[in-house]
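Have a look at the structure below, then the notes.
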Amino acid sequence: MSNSIPIFILGATGYIGGCILSRLLAHPEHETFAITAFVRSAEKSEKLKSFGINVVQGSTDDREKVEVLASQAHVVFSTASSNDVPAIQAVIAGLKKRHESTGIMPILVHTSGAQVINDQAKGMYRSDTIYDDMNPDQIEALPPNQPHRPVDIKVKEADIEGHLKSYIVIPGTVYGIVSSALVDAGIQNPYSKQIPMTIKASVVRGQVPMVGKGLCVWTSVDIDELADFYIILFNSIRKDNNRVGHGREGYFFTDSGEYSLYEFSRTIGDALVRLGVLKDPEPTAMSDEELIKYVGSVERGNKVGANARCRGNRSRALGWTPVKTTDDMLKSIFPQAQATLQTLSK
Ligand SMILES: NC(=O)c1ccc[n+]([C@@H]2O[C@H](COP(=O)([O-])OP(=O)(O)OC[C@H]3O[C@@H](n4cnc5c(N)ncnc54)[C@H](OP(=O)(O)O)[C@@H]3O)[C@@H](O)[C@H]2O)c1
């Protein structure tokens with residue numbers, strides 16, 4: 001298999017990374033891929049080997065290992081963390097070595113998140129600012145200390161320095177319960193974070209939490225449609241990477257529907273009332289103490305409750321045509337609430 005494409009996946013047991021892996025395994029050309037997954041759990045590593053891929057057990061805290069594995073890859077899918085600067089530096093260092101030793105330009109597809117465009121609204125108003133991935137000046141004007149931005153900057157700079165071609169995928173809230181062979185095998189996390197996190201906080205609090213008045217607006221994307229995008233991007237790069245924006249032009253928002261944080265919280269309230277867990281579906285604003293308790297800090301809490309409006313025009317220009325809407329996201333909340341309550345009862 002000397003002509004196979006070496007692909008390295010960080011986060012293959014995760015909600016997003018597992019979906020990328022499933023799509024690669026089902027890809028019509030999968031026999032030409034030599035996939036290596038980097039997995040923390042020994043048990044999951046063993047199970048994943050039965051899917052016919054190479055699995056290396058380890059943590060991204062082991063920078064040397066990450067660098068060596070990246071240096072052996074032509075394509076890296078980075079989905080383990082959007083905040084771990086040393087880990088992405090290890091990936092970049094490995095890909096730089098790959099470039100120097102082969103002369104071939106490696107590909108880095110990194111997953112960021114829409115918190116990168118959060119504002120200071122703290123739930124108090126709906127912003128008119130909509131970020132457009134066709135407008136790199138607008139994205140590049142983001143403060144360097146925005147969430148995820150330190151990692152995104154490293155990825156983009158590595159592209160500009162000429163060691164690799166970078167593609168940064170920026171999803172809003174990803175929703176939907178994954179159904180896959182990897183989930184059935186107990187390897188992949190089937191759940192997103194944001195919706196279960198709010199459901200769990202609602203159960204503990206006895207009321208659904210919200211930041212400020214919940215007037216801010218976020219975007220969402222269905223997990224299957226997000227996975228579609230990664231493969232469309234991957235196929236487009238392989239077909240003719242000169243036609244796909246990269247580096248400064250390589251930001252890709254994946255949005256399909258907007259929702260106000262009030263309607264998001266209220267829908268969780270309705271689901272939890274229907275399931276007999278809450279009496280009142282109406283969300284209430286979190287105090288500073290609650291922001292610390294449920295989100296980690298007041299600053300992080302306010303970021304979660306901010307505006308994050310964006311349009312993936314560059315993503316759509318590659319042929320990505322998501323059809324799911326805000327209504328689909330809101331409808332996904334009830335089954336997610338059932339699943340989260342089941343998890344809590346175990
Ligand atoms: N889900 C969303 O709504 C959403 C939206 C926007 C952006 N994102 C971003 O997308 C990325 C992936 O999110 P996700 O929802 O797929 O999260 P997830 O389900 O928690 O998956 C994270 C994956 O990374 C692995 N991982 C984490 N730390 C690691 C470490 N130190 N060493 C090795 N592997 C490690 C996890 O392995 P284990 O199985 O061992 O835990 C898991 O495979 C995150 O950076 C997140 O911020 C997510």
Side-chain angles (χ1 to χ4, degrees), residues 8-23 36-48 55-67 69-70 76-88 90-91 109-118 146-152 155 168-178 180 182-183 185-199 218-227 229-230 251-257 259 264 295-296 300 303-304 308 310 312 329 332-333 336 343:
F8 180 42
I9 306 186
L10 293 139
T13 57
Y15 180 62
I16 296 175
C19 289
I20 297 173
L21 176 57
S22 295
R23 295 301 169 103
T36 299
F38 193 51
V39 173
R40 278 196 285 201
S41 141
E43 190 193 337
K44 289 184 179 183
S45 297
E46 280 313 306
K47 286 183 181 172
L48 198 47
V55 184
V56 177
Q57 197 200 335
S59 160
T60 51
D61 297 337
D62 186 344
R63 315 290 180 215
E64 276 179 35
K65 214 176 205 177
V66 173
E67 184 176 327
L69 290 164
V76 174
F77 286 98
S78 155
T79 66
S81 171
S82 46
N83 296 320
D84 189 339
V85 171
I88 206 70
V91 170
V109 179
H110 173 70
T111 304
S112 178
Q115 272 195 46
V116 73
I117 56 168
N118 275 354
Q146 280 289 99
H148 313 322
R149 191 74 188 133
V151 168
D152 294 0
V155 171
I168 299 179
V169 181
I170 309 179
T173 298
V174 191
Y175 65 88
I177 300 174
V178 176
S180 72
L182 294 176
V183 170
I187 296 169
Q188 182 186 1
N189 165 28
Y191 307 120
S192 189
K193 291 241 157 42
Q194 192 174 347
I195 300 173
M197 207 171 80
T198 311
I199 293 167
W218 264 76
T219 58
S220 58
V221 62
D222 169 83
I223 182 65
D224 287 326
E225 294 193 331
L226 175 63
F229 176 70
Y230 281 95
Y251 295 100
F252 299 87
F253 289 120
T254 47
D255 61 295
S256 101
Y259 62 94
F264 170 79
V295 196
R300 274 190 69 191
K303 284 282 178 195
V304 169
C310 56
M329 189 281 285
S332 79
I333 287 177
Q336 181 62 70
T343 313

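Whatever order the structure lists them in is the order used to number ligands and atoms, beginning at 1.
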Exercise for review: Go through Tyr230 and Thr111 one step at a time and tell me if the side-chain hydrogen bond (donor to acceptor under 3.5 Å, both in side chains) criterion holds.
Suggested key: CA-CA 10 Å; Tyr230 281 95; Thr111 304; 2.7 Å; yes
Exercise for review: Start with the C-alpha distance between Ile177 and Gln336, add both sets of side-chain angles, then the distance that settles side chain to side chain contact (heavy atoms under 4.5 Å, CB included), and finish with yes or no.
Suggested key: CA-CA 7 Å; Ile177 300 174; Gln336 181 62 70; 3.7 Å; yes
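Across Asn83, Asp62, Asn189, heavy-atom proximity to atom 19 (O) of ligand 1 is greatest for Asn189. Across the listed options Arg40, Gln57, His110, Arg40 owns the non-hydrogen atom lying nearest to atom 35 (C) of ligand 1. When Ser220, Ser112, Ser82 are ranked by how near their heavy atoms come to atom 8 (N) of ligand 1, first place goes to Ser112. When Thr13, Ile195, Ile16, Leu10 are ranked by how near their heavy atoms come to atom 13 (O) of ligand 1, first place goes to Ile16. Nearest to atom 5 (C) of ligand 1 by heavy atom, out of Pro196, Gly172, Gly113, is Gly172. Atom 15 (O) of ligand 1 has its nearest heavy-atom neighbour, among Tyr191, Tyr175, Phe38, Tyr15, in Tyr15.
Every atom of ligand 1 is numbered from 1 in the order shown, and the set under 4.0 Å from a heavy atom of Gly11 is 23 (C), 24 (O), 25 (C), 43 (O). Heavy-atom proximity to Lys193, at under 4.0 Å, picks out these atoms of ligand 1: 17 (O), 18 (P), 19 (O), 20 (O). Those atoms of ligand 1 with a heavy atom of Pro171 less than 4.0 angstrom away are 6 (C).
Heavy atoms of Ser59 found under 4.0 angstrom from ligand 1 belong to the backbone as well as the side chain.
Taking each heavy atom of Arg63 and Ala90 in turn, the nearest pair found is O-CB, 3.6 Å.
Contact annotation: Gln194 has no heavy atom less than 4.0 Å from any atom of ligand 1.
Salt bridge status for Asp224 with Arg23: present, with a side-chain N to carboxylate O gap under 4.0 Å.
Remark: ligand 1 and His148 share no N or O pair separated by less than 3.5 Å (distance only, no angle test). For the pair Gly14 and ligand 1, the shortest N or O to N or O distance falls below 3.5 Å.
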